[in-house]
J.: 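Here's a structure for you.
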There are 2 protein chains.
Amino acid sequence: MSASDLTPEEPDPATLDRVFAALADPVRRAILRRLDGRDLLVSELAEPFAISLQAVSRHIQVLVRAGLVTQERTGRISRCRLDAGPIYQAAVWVNHYSKYWQAQFDTLAVWLDEIERRKPAASPTAARPRLKRARRA
Amino acid sequence: MSASDLTPEEPDPATLDRVFAALADPVRRAILRRLDGRDLLVSELAEPFAISLQAVSRHIQVLVRAGLVTQERTGRISRCRLDAGPIYQAAVWVNHYSKYWQAQFDTLAVWLDEIERRKPAASPTAARPRLKRARRA
DNA sequence: CCCATATTCAACCGCATGCTTGATTATCAA
DNA sequence: TTGATAATCAAGCATGCGGTTGAATATGGG
């Protein structure tokens with residue numbers, strides 16, 4: 001899908017700043033992963049981490065400010081829900097460069113096909129080795 | 001490193017940290033955009049920005065440390081080249097959530113269809129903006 | 001050689017981040 | 001009312017970031 005179909009060419013830079021900055025932390029990424037498909041309380045969210053509850057609470061606030069999480073308070077509990085909307089903007093941005101790794105993979109695929117073609121009757125059970133992601137030279 | 005490198009479940013967190021952090025700055029994103037398709041010198045890269053050359057040089061170093069830019073020095077000049085490889089890891093991460101915005105667009109499409117259906121003979125020239133349907137994962 | 005050019009290094013400043021511990025607010029339950 | 005629970009607020013600390021200016025390091029050209 002073309003990026004211009006549903007979003008402007010360059011979305012709000014400040015939004016992109018906040019989203020990418022929010023994603024630049026392993027705890028926050030793990031929080032988003034845990035919110036994938038279910039809503040969780042702050043304390044439930046904090047449980048697997050080796051840091052204080054307060055620290056997790058602040059991580060959640062960072063995610064809220066980035067628009068990636070919404071909180072709905074009922075009584076003393078606060079249920080956290082994922083909002084993947086802003087991630088879409090990040091996805092549009094990074095996917096602009098997909099041509100590069102696709103070209104890389106296409107080249108690799110052609111190369112592997114070439115190897116396959118030169119092989120003198122490979123064993124039928126031995127599948128072709130999986131494509132390893134090309135590390136930069 | 002295994003076969004899962006192509007579509008890694010969880011790539012190296014530190015790499016992801018550096019890549020997302022590098023993308024969380026408008027100057028660095030603009031640098032990457034300007035390097036899309038051509039290599040540029042540091043001074044050429046710095047030209048459109050209202051900050052000092054030293055500041056741009058440090059931004060480039062951040063991008064180099066994130067693996068997004070490589071520098072080839074010949075003499076006193078330093079030619080900068082984009083390496084989109086690490087962006088692929090970021091793309092894999094964010095595209096994991098594509099199901100959400102695709103669902104959103106599907107919902108929007110259904111909603112627009114509903115409106116269309118209730119309209120009593122819409123004007124022929126004013127076409128409803130076409131919504132490209134996102135591919136179902 | 002002499003000087004301009006290209007880039008980086010170094011020191012500094014202001015501010016944000018990530019974590020801690022302790023206090024506070026608010027709610028539920030006995 | 002009393003007390004436990006859920007979550008946030010607040011202060012403090014170490015670290016890192018983004019910007020500046022000034023100096024240093026090559027390198028190329030006259």
J.: Look up atom CD1 in A:I77 and atom CG in A:L41, then write down how far apart they are to the nearest 0.5 Å.
T.: 5.0 Å
J.: Of the non-hydrogen atoms in A:R18 and A:D12, which two are nearest, and what is the gap between them?
T.: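 Answer, listing the atom of A:R18 first, then A:D12: NH2-OD2, 4.4 Å.
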J.: Calculate the interatomic distance between B:L63 atom CG and D:dC17 atom P; express it in whole Å.
T.: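 About 13 Å, once rounded to whole Å.
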J.: What's the separation between atom CZ in B:R79 and atom CG in B:L45, rounded to the nearest 0.5 Å?
T.: 11.0 Å
J.: Can you tell me how far P of D:dC17 sits from CD1 of B:I51, to the nearest Å?
T.: 15 Å
J.: Do any of residues 39-49 of chain A sit with a heavy atom less than 4.0 Å from DNA chain D, and if so which?
T.: A:L41, A:V42, A:S43
J.: Under 4.0 Å, heavy atoms only, any strand: does A:R79 hit a base, just the sugar-phosphate, or nothing?
T.: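 Contact class for A:R79: none.
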J.: Check whether A:R34 reaches the backbone of A:P48 with its side chain - one donor and one acceptor, N or O, closer than 3.5 Å.
T.: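 Looks like no, no N/O pair under 3.5 Å.
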J.: Please find the pair of heavy atoms, one from A:R28 and one from A:A22, that lie closest to each other, and give the distance.
T.: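 Closest heavy-atom pair between A:R28 and A:A22: NE-O, 2.8 Å.
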J.: Categorize A:Q54 for me: base, sugar-phosphate, or nothing, with a 4.0 angstrom heavy-atom threshold over every strand shown.
T.: base
J.: Any side-chain heavy-atom pair from A:V94 and B:L23 closer than 4.5 angstrom?
T.: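 Yes, at least one pair of side-chain atoms sits under 4.5 Å.
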J.: Nearest-nucleotide wise, let me know which of A:T74 and A:S52 is further upstream toward the 5' end of DNA chain C.
T.: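 The residue whose closest nucleotide sits nearer the 5' end is A:S52.
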J.: Can you say whether the rings of A:Y97 and A:W93 are parallel (under 30°), tilted (30 to 60°) or perpendicular (over 60°)?
T.: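 Rings of A:Y97 and A:W93: tilted, as their planes differ by 30° to 60°.
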J.: Could you walk me through whether A:Y100 and B:D36 satisfy the side chain to side chain donor-acceptor pair (under 3.5 Å) test, starting with their C-alpha distance in whole Å, then the side-chain angles of each, then the deciding distance to 0.1 Å, before giving a yes or no?
T.: CA-CA 10 Å; A:Y100 288 105; B:D36 183 14; 2.4 Å; yes
J.: Does the side chain of A:R29 reach to within under 4.5 Å of the side chain of B:F20, using non-hydrogen atoms?
T.: yes
J.: Side chain to side chain donor-acceptor pair (under 3.5 Å) with A:S78: which of A:R73, A:Q71, A:E72?
T.: A:Q71
J.: Using whole Å, report how far CD1 of A:I60 lies from P of D:dT8.
T.: 7 Å
J.: Using 0.5 Å steps for rounding, measure from the CG atom of A:N95 to the CG atom of B:N95.
T.: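 These two atoms lie 4.5 Å from each other.
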J.: Would you indicate, yes or no, if D:dC17 has its OP1 or OP2 atom less than 4.0 angstrom from a side-chain nitrogen or oxygen of B:H59?
T.: no
J.: Can you tabulate the close N/O pairs, meaning under 3.5 Å, that link protein atoms to atoms of nucleotides 13-16 of chain D?
T.:
none

J.: Can you name the nearest heavy-atom pair linking A:Q89 to A:T15, along with the distance?
T.: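 Between these two residues, the closest heavy atoms are NE2-CG2, 4.4 Å.
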J.: Going 5' to 3' along DNA chain C, which nucleotides are the first and last within contact of chain A (any atom under 4.0 Å from a heavy atom)?
T.: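 So the outermost contacting nucleotides come out as C:dG18 to C:dC28.
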J.: Using a cut-off of less than 4.0 Å, is there contact between a side-chain N or O of A:S78 and OP1 or OP2 of D:dA7?
T.: no
J.: Select from A:A50 and A:I77 the residue whose nearest nucleotide in DNA chain C is closer to the 5' end of that strand.
T.: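 With A:A50 and A:I77 compared, the 5'-side residue is A:A50.
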J.: Measuring to OP1 and OP2 of D:dT8, would you say a side-chain N or O of A:Q71 lies under 4.0 angstrom away?
T.: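 Yes, within the criterion.
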J.: Counting heavy atoms from C-beta on, name the nucleotide in D:dG19, D:dC9, D:dA7 closest to the side chain of A:Q61.
T.: D:dC9
J.: Just to be sure I understand the rule, does B:R73 reach a base, reach only the sugar-phosphate, or reach nothing, if contact means heavy atoms closer than 4.0 Å?
T.: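 The residue B:R73 makes sugar-phosphate contact but no base contact.
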